[in-house]
Amino acid sequence: MNESISGFVILGFSSLGSFRHHIFIILLLLYFLIITGNVTIALIVWVEPHLHTPMYMFAGTLSFLDICYTAVTIPQMLVIFWIGSVYIAFSGCLLQMYFFHSLGITENYLLTVMAYDRYIAICNPLRYSTIMTSKCCKRLIFVCCLCGFMSPVTKLILITFLPFCGSNEIHHLFCDLSPLLHLACADTFLNVITDFVINSCIIFLTTAFIALTYVKIVFTIIMMKSAEGRRKAFSTCAAHITVVLIFFGSVAFMYVRPQRVYAPEFDQLVTINYTILTPLLNPAVYSLRNKEIKKAIKKYLQLKDTSCSCRAMIGN
């Protein structure tokens, strides 16, 4: 790296002027909803023993990933929208990019495993309890995390060899590969191709696996004789499919492309979709509509009200 540049200035939507303060308020509210929803799901799954089943363990892990995923970028985005820009050291920029990609890829793999879980539950229900044991579930979560955190290492190593000179202004909402390559003073062909191949393999393979499992799931559901059984199966799968389409669609559009330069404003709008919209919708779409989770939350709130009433009576 060129010693003349030790860090970068992230500008975000630099053309918004004072209007960015309005976006700050909206983003702060959305971040509060993201944290509240996902923390609620993660804690409920953690403390309620009857939710320690594969489906809910995966949902709780997804919420935990969304908490970490948003913590990597949204606090910095709030600072940008409030003061207009933020400075970040080169090492900090690489770390942010690494954790952002690692957590995103881990969520990608987890959504794929969740599709497999639904496939076993619907297409092979008699063997579900023997296949998707608690031990198997934990191993699958561990493998998702291991693969997710290993996947961006090659891209990260390659970018450390690039020299940076001239402008250090990043026209994006956080440190990401495309805006960094735009500032490099050397040929970035290897970086672009490596990034494209890795992203394409991850997204296309996982998407193909999910599509294949859902083809089999749909055929199995159609063959069901019970209308109630078909309704429950479709209801369970619809939530997962909604999350997959939102997440995979945005990520594929953003990262499966060989070009290194797109309109910064357009990239930022797409970025908002998968960094804010997906974590915001995950609890509502996938978990909070679930009867068991709603029942557990209601039970916890009732216990809390009873405890508060007892303390008030003792105090009196």
query = Any disulfide (SG to SG under 2.5 Å) pairs touching residues 221-251, not counting sequence neighbours?
reply =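 Listed by first then second residue: nothing to list.
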query = Does any pair with a residue in residues 60-138 pass disulfide (SG to SG under 2.5 Å), and if so which ones, sequence neighbours excluded?
reply =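 Disulfide (SG to SG under 2.5 Å) check on residues 60-138 returns Cys93-Cys175.
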Mind listing the closest non-hydrogen atom pair of [X] and [Y] along with its distance?
| X | Y | value |
| --- | --- | --- |
| Arg20 | Trp82 | NE-O, 3.6 Å |
| Ile141 | Met57 | CD1-O, 4.3 Å |
| Leu177 | Met97 | N-SD, 3.5 Å |
| Gly12 | Leu173 | CA-CD2, 3.9 Å |
| Leu94 | Leu156 | O-CD1, 3.5 Å |
| Thr106 | Cys145 | CG2-CA, 3.8 Å |

Is any side-chain heavy atom of [X] less than 4.5 Å from a side-chain heavy atom of [Y]?
| X | Y | answer |
| --- | --- | --- |
| Ile105 | Phe149 | no |
| His101 | Asp176 | yes |
| Phe19 | Ile23 | yes |
| Glu292 | His50 | yes |
| Ile221 | Ile122 | yes |
| Ser85 | Ile10 | no |
| Ile74 | Ile276 | yes |
| Lys295 | Lys299 | no |

inquiry  = I'd like to know if the side chain of Asp117 pairs up with that of Tyr128 as donor and acceptor (distance under 3.5 Å, no hydrogens or angles considered).
reply    =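 The criterion, which ignores hydrogens and geometry beyond distance, is satisfied for Tyr128 and Asp117.
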Distance (rounded to the nearest 0.5 Å) between [X] [atom1] and [Y] [atom2]:
| X | Y | atom1 | atom2 | value |
| --- | --- | --- | --- | --- |
| Ile222 | Ile217 | CD1 | CD1 | 12.0 Å |
| Leu162 | Leu181 | CG | CG | 6.5 Å |
| Ile198 | Ile193 | CD1 | CD1 | 11.5 Å |
| Leu281 | Ile34 | CG | CD1 | 9.0 Å |
| Ile170 | Leu11 | CD1 | CG | 8.5 Å |
| Ile67 | Ile41 | CD1 | CD1 | 10.0 Å |

Are [Y] and [X] linked, directly or through intermediate hydrophobic residues, by side-chain heavy-atom contacts shorter than 4.5 Å (ILVMFWY only)?
| X | Y | value |
| --- | --- | --- |
| Leu28 | Val86 | yes |
| Ile80 | Ile26 | yes |
| Val153 | Val72 | yes |
| Ile83 | Tyr31 | yes |
| Leu158 | Met150 | no |

message = If you apply the rule side-chain contact (heavy atoms from CB on, under 4.5 Å), what do you find for Met114 with Leu111, and how did you get there?
response = CA-CA 5 Å; Met114 291 167 81; Leu111 288 170; 4.1 Å; yes
Whether [X] side chain and [Y] backbone form a donor-acceptor pair below 3.5 Å:
| X | Y | answer |
| --- | --- | --- |
| Thr133 | Thr130 | no |
| Thr112 | Asn108 | yes |
| Asn199 | Asp195 | yes |
| His171 | Pro179 | no |
| Asn124 | Tyr119 | no |

key: Residue pair Phe24, Leu29: steps toward the side-chain contact (heavy atoms from CB on, under 4.5 Å) verdict   = CA-CA 9 Å; Phe24 169 85; Leu29 176 61; over 6 Å; no
task = Hey, can you tell me if Phe100 and Tyr69 have their rings parallel, tilted or perpendicular (30° and 60° cut-offs)?
result =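 Correct class here is parallel.
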request  = Assign the ring pair Phe8 / Phe164 to parallel, tilted or perpendicular, where the plane angle (0 to 90°) is split at 30° and 60°.
outcome  =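 Phe8 and Phe164: perpendicular rings.
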Over 12 non-hydrogen atoms of neighbours within 6.0 angstrom of [atom1] in [X]:
| X | atom1 | result |
| --- | --- | --- |
| His22 | NE2 | no |
| Phe64 | CZ | no |
| Tyr109 | OH | yes |

task = Show your working on side-chain contact (heavy atoms from CB on, under 4.5 Å) between His21 and Phe81 and close with a plain yes or no.
result = CA-CA 6 Å; His21 294 149; Phe81 282 121; over 6 Å; no
key: Stepwise side-chain contact (heavy atoms from CB on, under 4.5 Å) test for Leu33 and Leu280   = CA-CA 7 Å; Leu33 293 175; Leu280 179 66; 3.7 Å; yes
task = Kindly determine whether Tyr214 and His240 satisfy ring-ring contact (aromatic ring centres under 6.0 Å, His included), including the steps that lead there.
result = CA-CA 11 Å; Tyr214 270 101; His240 181 258; 5.7 Å; yes
ask   = Of Asp187, Val192, Asn191, which is the lone residue that meets side-chain contact (heavy atoms from CB on, under 4.5 Å) with Phe189?
value =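 Running side-chain contact (heavy atoms from CB on, under 4.5 Å) over Asp187, Val192, Asn191 with Phe189 returns exactly one hit, Asp187.
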